[in-house]
Every structure is written in structure tokens, then in C-alpha cells.
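In what follows, residues are counted from 1 in the order of the sequence shown.
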Amino acid sequence: MRCSNIFAEKLPVSRWQRDLTDSTVLRNLGVALGHTLIAWRALGRGLGKVAADPVRIAADISGAWEVLGEAVQTCCARLARRVVTNG
């Protein structure tokens with residue numbers, strides 16, 4: 001996130017001043033995009049290794065029903081939005 005802020009601040013200043021010597025910023029933009037691509041691919045590989053354990057989930061829920069409180073609130077809020085939107 002920090003790199004994108006640097007680019008967002010640096011590029012307009014360079015254009016306004018017609019400073020064509022600041023090609024380093026443009027080269028570094030490619031580096032930032034490359035690192036982003038590597039990160040997305042790594043995230044995809046990592047998420048591919050994650051699997052839910054239904055037995056453990058059932059045990060957690062049966063031991064502490066308050067765990068479902070957030071899910072119930074989310075569903076109620078969504079339903080309330082539909083009711084308000086549809087009249």
C-alpha cells in the first residue's frame with residue numbers, strides 16, 4: 001500500500017513539472033506490480049491448502065452457541081435491508 005501512495009504522489013508532480021527524467025518511478029511501478037502478482041499467486045496456493053473440518057466446527061458450535069451470534073446478526077441485517085428496499 002505504501003508503494004502505491006508513493007507512485008500516486010510522485011507521478012502527477014512529475015507530469016506537471018514535465019520532469020521526464022524520473023523514469024525510476026515508472027520502472028519501480030513494474031516491480032510493484034510484479035510483487036503483487038507473486039503475492040496473489042502465493043495466496044491462491046495457500047488458500048488451496050485450506051480445508052474446513054466439519055467435525056471440529058460442529059464441536060465448536062455445540063460448545064459455544066455465541067459463536068453463531070455474528071452470523072445471525074449478519075443474516076438479520078441482510079434480511080432487514082431486503083425488506084426496506086423491497087417495501
Side-chain angles (χ1 to χ4, degrees):
M1 192 62 167
R2 177 76 176 122
C3 286
S4 62
N5 289 342
I6 291 171
F7 293 135
E9 293 169 2
K10 185 68 174 170
L11 285 175
V13 171
S14 295
R15 296 290 182 234
W16 290 334
Q17 294 175 349
R18 302 281 185 221
D19 182 13
L20 301 177
T21 61
D22 208 2
S23 61
T24 303
V25 172
L26 295 176
R27 280 196 306 271
N28 287 338
L29 185 60
V31 173
L33 292 175
H35 283 285
T36 302
L37 179 62
I38 292 169
W40 278 110
R41 287 182 178 169
L43 177 66
R45 281 193 312 271
L47 288 177
K49 297 176 184 178
V50 175
D53 184 0
V55 175
R56 181 173 277 178
I57 293 171
D60 284 347
I61 291 173
S62 67
W65 281 95
E66 62 272 9
V67 172
L68 292 177
E70 186 70 29
V72 171
Q73 288 178 6
T74 301
C75 291
C76 288
R78 182 181 232 176
L79 181 61
R81 269 188 253 124
R82 283 188 192 159
V83 170
V84 170
T85 305
N86 294 334

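- A distance of 9.0 Å separates CZ of R78 from OG1 of T74, quoted to the nearest 0.5 Å.
- With rounding to the nearest 0.5 angstrom, the CZ atom of R45 is 7.0 Å from the NZ atom of K49.
- Other members of the hydrophobic cluster containing W40, listed by chain and number, are L43, L47; membership follows side-chain contacts under 4.5 Å among ILVMFWY residues, whether direct or relayed.
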- Task: For C76 and V72, run side chain to side chain contact (heavy atoms under 4.5 Å, CB included): C-alpha distance rounded to whole Å, both residues' side-chain angles, the deciding distance at 0.1 Å, then the answer.
- Result: CA-CA 6 Å; C76 288; V72 171; 4.2 Å; yes

Under 3.5 Å, which donor-acceptor pairs link side chains of residues 63-70 to any protein atom two or more places apart or in another chain?
none

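- In this structure, P54 and A52 approach most closely via the heavy-atom pair CD-O, 3.3 Å.
- Using a 4.5 Å cut-off on side-chain heavy atoms (C-beta onward), R56 and D60 make contact.
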- Please report the C-alpha distance between V31 and H35 in whole Å, then the side-chain angles of each, then the deciding distance to 0.1 Å, and finally whether the side chain to side chain contact (heavy atoms under 4.5 Å, CB included) criterion is met. CA-CA 6 Å; V31 173; H35 283 285; 3.4 Å; yes

